[in-house]
Participant: 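Okay, here's the structure, questions in a sec.
Chain A is the first sequence line, chain B the second, and so forth, proteins listed ahead of strands; every chain is numbered from 1.
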Amino acid sequence: KAGVTQTPRYLIKTRGQQVTLSCSPISGHRSVSWYQQTPGQGLQFLFEYFSETQRNKGNFPGRFSGRQFSNSRSEMNVSTLELGDSALYLCASSWTSPGNEQFFGPGTRLTVL
Amino acid sequence: GIQVEQSPPDLILQEGANSTLRCNFSDSVNNLQWFHQNPWGQLINLFYIPSGTKQNGRLSATTVATERYSLLYISSSQTTDSGVYFCAVLLAQGSARQLTFGSGTQLTVLP
């Protein structure tokens, strides 16, 4: 069974631009969560989707948004990029709930110049 | 919110040595996972262990949920064990349905 995949793996953007990251969960998994990892803040939760609905959201500004499609694939979008958005963005999938074992993708490393 | 503390923050070992990493958490949980972050950033699942003891090769883990801690044991360490080890928990109650991560233990295994 294929693991969680994320595209693209690397991105370089400039301040003010917007970016869209994609995540395909493990086949059969319906819950998708997104996390941001930075050296200063560590791993922080962004949001979680299940059946195309956002069930939970972390403490991030509205510039961070996401969605989930009927095939459980998920995208996250960051608008009006800031230097501080430079981070590793990790996607995790689980069967139906974050309470189930979560499996992470390889991440997208975003650099904002 | 829930607090997750990992110790030690840094650990340097000679190849072949054993080690114990600790994770303390401040509230009841119904999900606890241990991960190893590889040099490319991917989190590799080690254990899903909300309670009890599990073993996988040279690695084993124990979670004592009533006392709110978990231990990860690495025996006969190898240089490939180097990296950051994270503990992550999910609260048993409340609306917060996300993993909360500790700050990690940076393990360096010297040849």
Participant: Mind ranking B:Gly41, B:Ala88, B:Ser103 by heavy-atom pairs under 4.5 Å with chain A and telling me who comes out on top?
Facilitator: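 That would be B:Gly41.
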Participant: Please check if B:Phe35 and A:Trp34 belong to a single hydrophobic cluster, counting links between Ile, Leu, Val, Met, Phe, Trp and Tyr side chain heavy atoms closer than 4.5 Å.
Facilitator: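 No, no single cluster joins them.
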Participant: Name the region of A:Phe45, side chain, backbone, both or neither, that has any atom closer than 4.5 Å to a heavy atom of chain B.
Facilitator: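 Contact with chain B involves the side chain of A:Phe45 alone.
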Participant: So what's closer than 4.5 Å to chain B heavy atoms on A:Leu90: side chain, backbone, both or neither?
Facilitator: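 For A:Leu90, the side chain is the part near chain B, not the backbone.
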Participant: Let me confirm one number: the CZ-CD distance from A:Phe103 to B:Gln42, rounded to the nearest 0.5 Å.
Facilitator: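 Output value for this atom pair is 11.5 Å.
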Participant: Count I, L, V, M, F, W, Y as connected when their side-chain heavy atoms are under 4.5 Å apart, and connections chain through other members. Are A:Val112 and A:Met76 then in the same cluster?
Facilitator: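 As far as the 4.5 Å side-chain criterion goes, A:Met76 and A:Val112 are connected within one cluster.
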Participant: Does anything in residues 52-89 of chain B form a ring pair (Phe, Tyr, Trp, His ring centres under 6.0 Å)? List the pairs, not counting sequence neighbours.
Facilitator: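 Qualifying pairs, neighbours excluded: B:His36-B:Tyr85.
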Participant: In terms of hydrophobic clustering (I, L, V, M, F, W, Y; side-chain heavy atoms under 4.5 Å; direct or indirect links), are B:Ile74 and B:Trp34 co-clustered?
Facilitator: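 Per the 4.5 Å side-chain linkage, B:Ile74 and B:Trp34 are co-clustered.
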Participant: Can you give me the closest heavy-atom contact between B:Leu99 and A:Tyr35, atom names plus distance?
Facilitator: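 Looking at all heavy atoms of both residues, the closest pair is N-OH, 3.1 Å.
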Participant: Can you tell me how far the CG atom of B:Leu43 sits from the CD atom of A:Gln102, to the nearest 0.5 Å?
Facilitator: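 Going from CG on B:Leu43 over to CD on A:Gln102, the span is 10.5 Å.
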Participant: Kindly check if the number of other-residue, nucleotide or ligand heavy atoms within 6.0 Å of CZ (A:Arg15) is above 12?
Facilitator: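 Not more than 12 within 6.0 Å, no.
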Participant: Is there a path of hydrophobic side-chain contacts, each under 4.5 Å between heavy atoms of I/L/V/M/F/W/Y residues, joining A:Val32 to A:Phe64?
Facilitator: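 Yes; tracing contacts between hydrophobic side chains, which count when under 4.5 Å, links both residues.
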Participant: Using only non-hydrogen atoms and a strict under-4.5 angstrom cutoff, which residues of residues 45-57 of chain B touch chain A?
Facilitator: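 When heavy atoms of chain A are the reference, residues 45-57 of chain B contributes B:Asn45, B:Tyr48 within the under-4.5 Å range.
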Participant: Check the pair B:Gln98 / A:Glu48 against side chain to side chain contact (heavy atoms under 4.5 Å, CB included), numbers first and verdict last.
Facilitator: CA-CA 8 Å; B:Gln98 71 260 26; A:Glu48 186 247 345; over 6 Å; no
Participant: Following the transitive rule for hydrophobic clusters with a side-chain heavy-atom cut-off under 4.5 Å over Ile, Leu, Val, Met, Phe, Trp and Tyr, establish whether B:Leu71 and B:Val29 coincide in one cluster.
Facilitator: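 B:Leu71 does not cluster with B:Val29.
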Participant: Can you say whether A:Ser31 sits under 4.5 Å from chain B via the side chain, the backbone, both, or neither, judging by heavy atoms?
Facilitator: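 No part of it gets close to chain B.
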Participant: Under 4.5 Å heavy-atom distance to chain B, tell me which part of A:Gln37 shows up: side chain, backbone, both or neither.
Facilitator: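 Interface part for A:Gln37: side chain.
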Participant: Which atom pair, heavy atoms only, marks the closest approach of A:Asn100 to B:Asn31?
Facilitator: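 Closest pair (atom of A:Asn100, atom of B:Asn31, distance): O-ND2, 3.4 Å.
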